[in-house]
Amino acid sequence: MGNLVESKLFNLLFILTLISSSCASEKNSVNRIIFATGGCYGKCAVQVIDINSTLNVKYHGIDYTKNSGYFTGTISQSLWDSLTLNLERINYKKLDSVYDHTVDDLSTELYVVYDNNKIKNIRGREESLPKELMEYYIYYFSSTENFNLVRSPDTLSFPINMKRLIGKPELDGNIKFPPPVIDTKKQNHVEM
């Protein structure tokens, strides 16, 4: 009797696992993720990381990176699944395409190919990004430690405009700052 219950429980768990994995694969429509970081006024990494569903990686370290130059490599299936499911979790398709309402120095770009030919491109400045997108960027960036990279003798191409990312904001000399806000209550208050 105990073996029959254990057998039925095992079968039920197996079926639930199959159903959940098929649901995850149906939801996961991402084919390729490209993430790029541009220059800043300090020592920010300038790089492009391109990963696809065949687990291949292309990497270009431009400035302030551990690996400088062009590299190719692979990642594990579990890392790809984690990257794509976390991307789906933040509902990337519904995010805006541009987050550029602040003038801070780190520019980023995320380029996602999904459903084999649709593209979602998100670019912006660090302080303008929604919290969940910035958290995803940090996770994606930290995952590079798990890449198996080999220097490439070839120049690699990416569908990202690095000139836009690397360039620092151009200042035309006509910057105007609003006058400071003066608290008249503090000005009129005299301590004794």
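Taking S128 as the reference, T102 meet the side chain to side chain donor-acceptor pair (under 3.5 Å) condition, with sequence neighbours excluded.
Between D154 and Y70 there is no side-chain heavy-atom pair separated by less than 4.5 Å. C44 places none of its side-chain heavy atoms less than 4.5 Å from the side chain of E126.
In summary, E145 and K66 engage in a salt bridge, as defined by a charged side-chain N under 4.0 Å from a carboxylate O.
The nearest pair of heavy atoms linking T84 to I33 is CG2-CD1, 4.0 Å. Nearest heavy-atom pair across R151 and G69 is NH1-CA, 3.9 Å. Nearest heavy-atom pair, T65 versus A45, reported as atom, atom and distance to 0.1 Å: CG2-CB, 3.9 Å. Residues P130 and L95 share a closest heavy-atom pair of CG-CD2, 4.4 Å.
Hydrophobic clustering, with ILVMFWY side chains joined whenever heavy atoms are under 4.5 angstrom apart, keeps I49 apart from Y64. Hydrophobic clustering places I138 together with Y99 (ILVMFWY residues linked when any side-chain heavy atoms are closer than 4.5 Å, directly or through intermediates). In the hydrophobic clustering of this structure, V98 does not group with Y111; members are Ile, Leu, Val, Met, Phe, Trp, Tyr whose side-chain heavy atoms approach within less than 4.5 Å, directly or through other members.
Judged by distance alone, the side chain of N31 and the main-chain N or O of N116 form a donor-acceptor pair under 3.5 Å. A donor-acceptor pair under 3.5 Å links the side-chain atoms of E88 to the main chain of S29, judged by distance alone. In this structure, the side chain of K58 engages the main chain of S157 through a donor-acceptor pair within 3.5 Å. With Y59 contributing its side chain and F147 its backbone, the two residues share no donor-acceptor pair below 3.5 Å. Checked by atom type and distance alone, the side chain of S82 never pairs as donor or acceptor with a backbone atom of L79 at under 3.5 Å.
Atoms CD1 and CG, on I51 and N56 in that order, are 10.5 Å from each other to the nearest 0.5 Å. A distance of 8.5 Å separates CG of L129 from CD of E127, quoted to the nearest 0.5 Å. Y136 contributes atom OH, which lies 10.0 Å from atom CD1 of I122 (distance to the nearest 0.5 angstrom). For the atom pair OG1 (T108) and CZ (R123), the distance works out to 10.0 Å, reported to the nearest 0.5 Å. Within the model, atoms CG of L83 and CD1 of I75 stand 5.5 Å from one another, a figure rounded to the nearest 0.5 Å. Here the CG atom belonging to N91 is positioned 9.5 Å from the CG atom belonging to L87, to the nearest 0.5 angstrom.
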Derivation and outcome, side chain to side chain contact (heavy atoms under 4.5 Å, CB included), residues W80 and V30: CA-CA 10 Å; W80 171 256; V30 177; 4.0 Å; yes

For I90 and L133: C-alpha separation, side-chain torsions, deciding distance, then whether side chain to side chain contact (heavy atoms under 4.5 Å, CB included) applies. CA-CA 7 Å; I90 65 169; L133 183 58; 3.8 Å; yes

The test is side chain to side chain donor-acceptor pair (under 3.5 Å); show your working for Y137 and T37 and say whether it passes. CA-CA 10 Å; Y137 282 175; T37 56; over 6 Å; no

Any chance you could lay out the side chain to side chain contact (heavy atoms under 4.5 Å, CB included) test for N67 and Q47, step after step, and finish with the verdict? CA-CA 9 Å; N67 297 311; Q47 62 191 340; over 6 Å; no

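Between Y92 and Y114, the angle of the ring planes goes over 60°, which puts this pair in the perpendicular group of the 30/60° scheme.
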